Structures are given as C-alpha cells and as structure tokens.
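One-based numbering, in listed order, for ligands and for the atoms of each. All residue numbers in this chain count up from 1 along the given sequence. Since we're looking at a predicted model, the values are computed, not measured.
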Amino acid sequence: MQTYTPYSEAMVFSMLEHAHAAHLAWRQVPLHERTALLLKLADVLRENSESYARLMTEETGKTIRAARAEIEKCAWACEIYADKAAAWLAEEEIAADGIKHRVVIEPLGVILAVMPWNFPFWQVMRFLIPALLAGNGALLKHATNVTGSALKIQEAVNEAGFPKGLFVTLLVSHTVVEQVIAHPLCQGVSLTGSAEAGRAVASVAGRHLKKVVLELGGSDPFIVLGDADIPAAAKAAVIGRFQNNGQSCIAAKRLIVLKEIEEVFTSTLLAEVEKLVVGDPLDEATDIGPLVSEQAAETMEQFVLDAVAKGAMVRTGGTRKGAYFTPTVLTGVHSAMEVMTQEVFGPVLPVITADTVEEAITLANATRFGLGASVWSRDLEKGEQVARQLAAGATFVNSITKSDPRMPFGGIRESGLGRELSYWGVREFANIKTVNVY
Ligand code: NDP
C-alpha cells in the first residue's frame with residue numbers, strides 16, 4: 001500500500017490562506033465562467049475515468065464497474081449544476097413594506113469537507129460542485145485509505161482550470177482538522193461519515209460557531225407490501241443491499257416483508273442473491289469484491305453470530321475469507337438483534353416480517369437513523385401513503401433509495417443535519433442575504 005507524508009501545520013494554514021484569497025477573486029467571476037469550468041471538469045473526469053476507477057477499486061475493493069459508474073455520476077452532476085446554476089442561484093424578489101426587497105445568495109468563504117472512503121469521488125463532488133459554484137473555496141480532508149483518490153480529485157479540479165489554490169486536498173490528522181475548523185478563515189464544515197465522526201466534528205464546529213452539514217449513517221428500511229411486483233422487488237433489494245459490496249449509507253439495510261408473501265418473496269430473493277458473483281473487483285464479471293478491510297468483514301461475522309445466537313437463520317452466505325464476506329440473507333430476524341439496531345456496513349441482509357402495513361411502518365421507523373426508505377407496491381397511491389409516513393430524508397416507491405443531483409439529499413435523526421444536492425445544497429454554504437431598500 002502506498003504511504004503519504006502528512007502536511008505540516010504551517011503548510012496547511014498557508015493553504016487555507018491561499019484558498020481564502022482565491023475565493024475572494026473567484027466570487028467575482030461571472031456565473032457563466034464558473035459553469036464553463038464545471039463542464040470542463042466533467043470532461044476531465046470522463047477522459048480519466050478508467051484510471052480514476054482503477055485507483056478507487058485498488059483503494060477500496062469496490063468493483064471496477066461500480067467505480068466507472070461513480071465517475072460518470074460525478075460528471076453528470078457537473079452538467080446538472082452547470083445547466084441549473086442560473087436558476088438555482090437567481091436572486092429572489094419579495095414584496096414587503098419597502099421599495100425593494102431582494103434575497104441574494106453569496107458565498108461564505110472557505111469550507112472544509114471531511115469525507116469517507118466508500119464513494120471516494122462521488123462524496124467529494126457532491127459537496128464540492130455546489131460549494132464552488134456558489135463562489136466558495138474548499139479544503140478536503142479525505143478518509144486516510146483513499147488518499148490517492150483525494151489527490152487525483154485535486155488534480156482534476158486544477159486540470160479543469162479552476163483558480164489555483166481554490167480547492168486543495170489536505171493530508172492531515174484529526175487534530176489538524178480541529179485546528180482548521182477553529183481557524184477564523186474557515187467558515188464551515190461538511191462531513192460525510194459515521195455518526196461518531198459527525199458528533200466529534202460537529203462538536204468542534206459548535207464550539208467555534210461554524211456552519212455544519214452532516215451526512216451520516218443509515219439503516220434504511222426496504223418494505224415489500226403484499227401486492228408488490230415480487231421479482232422486481234427482489235432484484236431491486238439485491239442491488240439496494242449489495243451494491244458497493246454492501247458499503248453504502250443508503251443501502252437497503254432492513255428488509256421488511258408482509259407475512260402473506262414472505263415465503264414466495266424470500267425464495268425469489270435467495271435465488272437472486274445466489275446469482276451474485278464474488279471475486280476480484282477488477283474482473284468485469286464481479287458483483288461483490290472484498291470489503292474495505294479484514295476488520296470490516298470480521299464485523300459482518302460478528303453481526304451474523306449475534307443474530308444466529310438470538311434465533312436468526314442464515315439462508316445463504318455467512319462466511320468470511322480475509323476481507324471477503326459472502327452475500328448473506330438472514331430470516332427469523334427480530335428487533336433485539338444488532339443487525340436491526342446498528343448500521344450494517346457490509347453484505348448482510350436481515351429479513352423481518354410484518355403482519356400488517358401499519359406494523360411494517362412501525363418497524364421501519366423504529367430506528368435511530370432516518371436517511372432513506374423504499375416501499376414496494378403495485379398500488380402507487382398506497383405506496384405513496386406509506387412513503388409519506390416513513391421517517392427519512394428520502395423516500396422511494398418502487399425504486400431503491402438513490403441520490404440524484406436534481407433532488408435534495410440528507411437525513412434526519414442520527415443520519416445527519418442539512419441537505420446536499422439540488423438548490424438546497426447550494427444554499428447550505430451560502431449567505432442568504434437580504435438587500436432592502438426603503
Ligand atoms: P468515518 O466516520 O470513519 O470517517 C469519515 C471521515 O471522517 C474520514 O475522513 C475520517 O478520517 C474522518 N474522521 C473520523 N473521525 C474524525 C474526527 N474525530 N475528527 C476529524 N475527522 C474524523 O466513516 P467511514 O469513512 O468509515 O465511512 C462510512 C460511514 O459513512 C458509514 O457510517 C456511512 O453510512 C457513512 N456515509 C454516509 C453517507 C451519507 O450521505 N449520509 C454517504 C456515505 C457514507 P480518517 O479516515 O482519517 O479516520
């Protein structure tokens with residue numbers, strides 16, 4: 001594994017000062033010039049897709065197909081923001097008691113991003129595109145195991161032609177992260193990661209009264225109602241749970257199925273899971289590669305052991321070899337098992353049954369998380385009614401939970417604070433300023 005030397009504190013603070021200076025000039029750049037650079041960034045990402053994808057696969061174990069799709073999604077997000085920028089940053093006129101009242105969107109300054117390894121490019125771009133578009137500068141502290149990707153992202157932004165120093169990757173420890181947040185030139189922090197990291201970083205930000213956005217973990221329910229299209233729901237559940245080797249914040253982490261279809265649904269689901277090809281993530285045929293570390297696979301083993309000790313049955317999978325963990329389905333699951341109370345960040349799918357739709361909703365909402373939720377029914381009205389009762393930031397009928405640059409994304413409860421993407425994302429790190437003329 002490649003090793004990197006952490007940056008000295010002096011270097012980090014000089015980078016922060018440069019980013020601030022670059023932002024002061026950047027905020028004056030006309031919007032059409034900013035969007036032209038976003039489109040250039042989309043080109044750079046696509047031109048280098050193969051090498052970036054390979055690097056992500058090597059650093060995280062994600063499959064090469066998933067890694068390519070991730071780069072394409074980043075390029076698409078650049079295009080969406082370039083296309084919508086004028087509308088999403090438009091001034092708003094309000095009729096009040098003066099001659100003129102306007103709401104204008106101004107940048108805040110330099111924002112620190114603290115990001116996770118599971119989607120090394122996408123998580124960063126999801127924050128960075130709207131932040132830069134709004135006129136901010138940005139610093140990135142990426143997860144230590146994806147430092148290569150972090151440096152490539154900086155290279156891509158530079159190659160696209162963004163002003164030098166406006167966005168930089170920092171190779172720093174948690175202690176230096178605290179010092180950056182405390183610095184007067186840092187105006188906010190966006191963290192995507194676990195609830196524990198969110199708590200730690202938000203408490204530092206709180207002490208220094210800095211704006212914070214948190215995109216944290218989840219334990220999303222995937223509810224299959226009695227009238228669902230069973231083959232479609234089973235196929236989707238497999239994608240929802242096992243994509244990115246099961247390591248996605250919005251994975252379908254708790255499958256809740258109505259008792260009346262439990263048997264037929266479970267057998268269809270098991271047949272789909274057993275089709276998954278486990279192997280070398282660089283192999284085009286592979287669906288499931290190794291987890292990010294052997295320790296992550298050991299954690300899956302512990303979850304399965306806990307569930308089995310409390311009465312669950314392993315219907316498929318359940319075995320570990322190094323960092324590999326076979327795609328696993330557990331039935332006979334109940335609420336006291338860790339697979340129901342913790343975030344299961346790997347390829348283990350617990351299936352729980354509900355006697356009624358109301359019970360399914362209660363089970364779905366019985367979690368400290370609230371990121372996404374998916375419900376399956378042929379009756380779209382009923383599906384929507386259920387979706388509206390689910391405690392989550394993003395709910396889907398007849399689709400897996402997914403993020404889309406045109407839609408806001410974020411969680412409630414321990415899944416986070418604030419929103420990314422769409423125009424909501426642009427406004428998080430902005431001064432929503434009023435100009436009033438009397
Ligand atoms: P971690 O919480 O371990 O790390 C996330 C980032 O936070 C890393 O850069 C890490 O740095 C940093 N970090 C952790 N603790 C601190 C601290 N005390 N001070 C400063 N920085 C800190 O998460 P993972 O990387 O393991 O990612 C998995 C988690 O991310 C899951 O819970 C997943 O659900 C969540 N996630 C949420 C998403 C969402 O949109 N809601 C999307 C994707 C993932 P270092 O590597 O140096 O420790």
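- Heavy-atom separations between Phe119 and ligand 1 are all 4.0 Å or longer.
- Where the criterion is an N or O separation shorter than 3.5 Å, residue side chain and backbone included, Cys249 fails it with respect to ligand 1.
- Taking atom 11 (O) of ligand 1 as the reference point, the nearest protein heavy-atom neighbour is Lys141 NZ, 3.1 Å.
- Residue Ala200 has at least one heavy-atom neighbour below 4.0 Å for each of these atoms of ligand 1: 18 (N).
- Those atoms of ligand 1 with a heavy atom of Leu371 less than 4.0 angstrom away are 41 (N).
- Checked by atom type, the side-chain pair Glu343/Ser219 shows no donor-acceptor distance below 3.5 Å.
- Under 4.0 angstrom from ligand 1, there are no non-hydrogen atoms of Asn145.
- A distance-only check finds no donor-acceptor pair linking the side chain of Arg27 to the backbone of Ala22 [under 3.5 Å].
- The shortest separation from a heavy atom of Arg126 to ligand 1 is under 4.0 Å, placing the residue in contact.
- No donor-acceptor contact under 3.5 angstrom links the side chains of Thr401 and Ser374, judged on distance only.
- Arg388 and Gln385 share no donor-acceptor pair across their side chains, judged by distance under 3.5 Å alone.
- Across every non-hydrogen atom of Ala77 and Pro405, the tightest pair is CA-CG, 4.0 Å.
- When only interatomic distances are considered, the shortest N/O to N/O separation between Asn118 and ligand 1 does not fall below 3.5 Å.
- Using a 4.0 Å cut-off between charged nitrogen and carboxylate oxygen, Glu284 and Arg68 count as a salt-bridge pair.
- The residue Val292 has no part lying near ligand 1, judged by heavy-atom distances below 4.0 Å.
- Which parts of ligand 1 touch Phe409 is read off a 4.0 Å heavy-atom cut-off, strictly below it: atoms 40 (O).
- Distances from atom 2 (O) of ligand 1 to the heavy atoms of Ala296, Pro120, Ala143, Ser194 show the closest one on Ser194.
- Scanning Met115, His174, Glu420 for the heavy atom closest to atom 6 (C) of ligand 1 points to Met115.
- Between Phe13 and His183, the two ring planes are parallel [angle under 30°; tilted spans 30° to 60°].
- Below 3.5 Å of separation, one finds no N or O of Gln123 facing any N or O of ligand 1.
- Heavy-atom contacts of Glu215 reach the following atoms of ligand 1: 37 (C), 38 (C), 39 (C), 40 (O), 41 (N) (cutoff under 4.0 Å).
- Contacts of Val114 with ligand 1, taken as heavy-atom pairs under 4.0 Å, involve the side chain alone.
- Among protein heavy atoms, atom 34 (O) of ligand 1 sits closest to Glu343 OE2, 2.6 Å.
- You'll find the side chain of Thr367 reaches within 4.5 Å of the side chain of Arg413, heavy atoms only.
- For the side-chain hydrogen bond (donor to acceptor under 3.5 Å, both in side chains) condition, no pair includes a residue of residues 156-167, sequence neighbours left out.
- For the pair Thr147/His142, no side-chain contact is recorded, criterion being any heavy-atom separation below 4.5 Å from C-beta on.
- For Leu191, no nitrogen or oxygen atom sits less than 3.5 Å from a nitrogen or oxygen atom of ligand 1, counting backbone and side chain alike.
- There is no side-chain donor-acceptor pair under 3.5 Å between Gln123 and Thr192.
- Each of the atoms 24 (P), 25 (O), 26 (O), 27 (O) of ligand 1 lies under 4.0 Å from some heavy atom of Trp117.
- Every residue two or more places apart in sequence or in another chain that forms a side-chain hydrogen bond (donor to acceptor under 3.5 Å, both in side chains) with Lys310 is listed here: Asp306.
- If you number the atoms of ligand 1 from 1 as listed, the ones under 4.0 Å from a heavy atom of His142 come out as 9 (O).
- For Lys235 and Thr268, the side-chain atoms include no donor-acceptor pair closer than 3.5 Å.
- Relative to atom 4 (O) of ligand 1, the option among Ser219, Ala197, Gly393 with the closest non-hydrogen atom is Ala197.
- Set against the non-hydrogen atoms of Phe345, the atoms of ligand 1 under 4.0 Å away are 28 (C), 31 (C), 33 (C), 34 (O).
- Across all non-hydrogen atoms, the minimal contact from Ala251 to Arg241 is CB-NH2, 3.8 Å.
- Contact annotation: for Val201 versus ligand 1, heavy atoms closer than 4.0 Å belong to the side chain alone.
- At under 3.5 Å, not a single nitrogen or oxygen of Lys253, backbone or side chain, sits near a nitrogen or oxygen of ligand 1.
- Here's the thing with Ser415: none of its N/O atoms is less than 3.5 angstrom from an N/O atom of ligand 1.
- From the protein, the heavy atom lying nearest to atom 41 (N) of ligand 1 is Leu216 O, 2.6 Å.
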